[in-house]
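The structure appears below as structure tokens.
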Amino acid sequence: MRSFRLNSWACVWLAVLLPGLAWAQAPSWDLTPVADGVYAAIGRNGAFGNCAVVVNRDDVLVVDSSMRPSWARELIRQIKKVTDKPVRYVVNTHWHPDHTQGNQAFLEAYGPQVEFIAQRYTDEDITGKELQYIQQTVTDLPGQIAKMEASLASGKAADGTALTDQARAALESQAADQKAYLAELQQTHIPARTLTFESSLSIQKPGGRVIEILNFGKGHTRGDAVVFLPAERVVVTGDLLTTGVPFFRDSYPSHWVEVLESVRKLDWTTAIPGHGDVLQGKGQIEKLIAFMNDLQGQVKAAVAQGKSLEETKKAVELSKRLADFPVYKTPEAYQRAVNVAIERTWMEASGKITE
Ligand SMILES: [Zn+2]
């Protein structure tokens with residue numbers, strides 16, 4: 001049985017953004033118009049996992065549903081501020097919890113007419129890996145929360161040093177947040193997909209809206225969907241493209257860079273990435289492609305020299321590319337993401353990825 005690092009999505013992304021969890025306001029979404037009837041939904045106050053909203057003449061298509069049903073319900077509240085049309089399509093770009101766990105909110109709000117759309121492998125992985133993640137997290141999270149509470153009670157961090165006031169406040173906030181997450185996760189289910197596709201699916205709506213849903217092969221996961229609006233020249237990338245170094249754990253690095261080339265070649269001017277702010281132009285995707293090519297080259301050279309993973313991590317030098325990912329608050333946060341990237345790339349180059 002495969003084990004999951006608990007809440008790794010939350011950890012990886014929040015480590016980018018924040019030294020501790022402390023929000024004065026409830027999680028919410030900014031709906032930013034990027035084209036006529038097309039919005040990027042960027043999480044605020046703790047909500048994360050970007051979504052996109054496409055308002056058609058008669059209905060609405062949503063891309064991804066974030067990590068919690070409560071966050072998705074808040075997104076629905078925001079959608080209702082810009083349109084009275086019902087959501088009829090939810091596309092999941094991949095199976096990761098921070099893109100799928102809000103799905104049920106759309107079924108609850110709009111009923112069984114909602115089409116849940118995913119690439120064939122993502123359909124399989126939601127049923128397999130994602131449901132396993134939920135079960136594992138529901139099992140493991142109480143212990144993690146107990147550790148946080150023990151630390152608060154003793155006034156000491158895990159390493160025995162005294163908690164500063166700032167650390168205590170962050171830990172209190174984190175414990176409360178994780179309790180709320182656990183309570184929600186115990187009620188979370190992912191509705192079955194009603195529509196799956198292999199390499200492409202085209203939705204053509206009255207009023208001239210064309211929505212292309214595309215898979216270019218294995219990348220961030222084995223079943224990524226890219227949502228492309230050719231007339232509006234907008235692309236929604238999921239975690240194939242983020243403003244930081246994307247999460248590599250379930251990826252196929254050498255294929256991913258080819259997928260990014262395919263995405264780059266589409267005719268778009270605006271990208272809604274899986275995490276981070278809306279991107280204008282192709283500068284960031286080009287920086288990520290350059291990062292990945294550099295990573296591939298260095299890791300393959302290390303593997304060719306017979307280097308172990310630990311030796312490879314020491315040998316690969318990507319610090320000069322930190323400037324290409326200004327989302328990171330510290331070099332350490334960048335290096336943590338890079339280490340995951342090196343690990344997965346080393347596994348692939350060593351023939352250790354079997355699925
Ligand atoms: Zn992801």
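Just so you know, ligand 1 is whichever comes first in the structure, and atom 1 is the first atom listed for that ligand. Below, all heavy atoms of this structure are taken into account, side chains as well, without hydrogens, waters or symmetry copies.
A 4.5 Å side-chain heavy-atom check between D250 and W95 finds at least one atom pair inside the cut-off.
The structure places CZ of R68 at 6.5 Å from CD of E184, a figure rounded to the nearest 0.5 Å. Note that CD1 of I79 is 10.5 Å distant from CD of E74, once rounded to the nearest 0.5 Å.
Within D239, the N, O or S atom lying nearest to the Zn ion (ligand 1) carries the name OD2. The N, O or S atom of H96 lying closest to the Zn ion (ligand 1) is ND1.
In summary, an N, O or S atom of H94 is located under 2.8 Å from the Zn ion (ligand 1).
Using bins of under 30°, 30° to 60° and over 60° for the plane-to-plane angle, the ring pair H99/H94 lands in the tilted bin.
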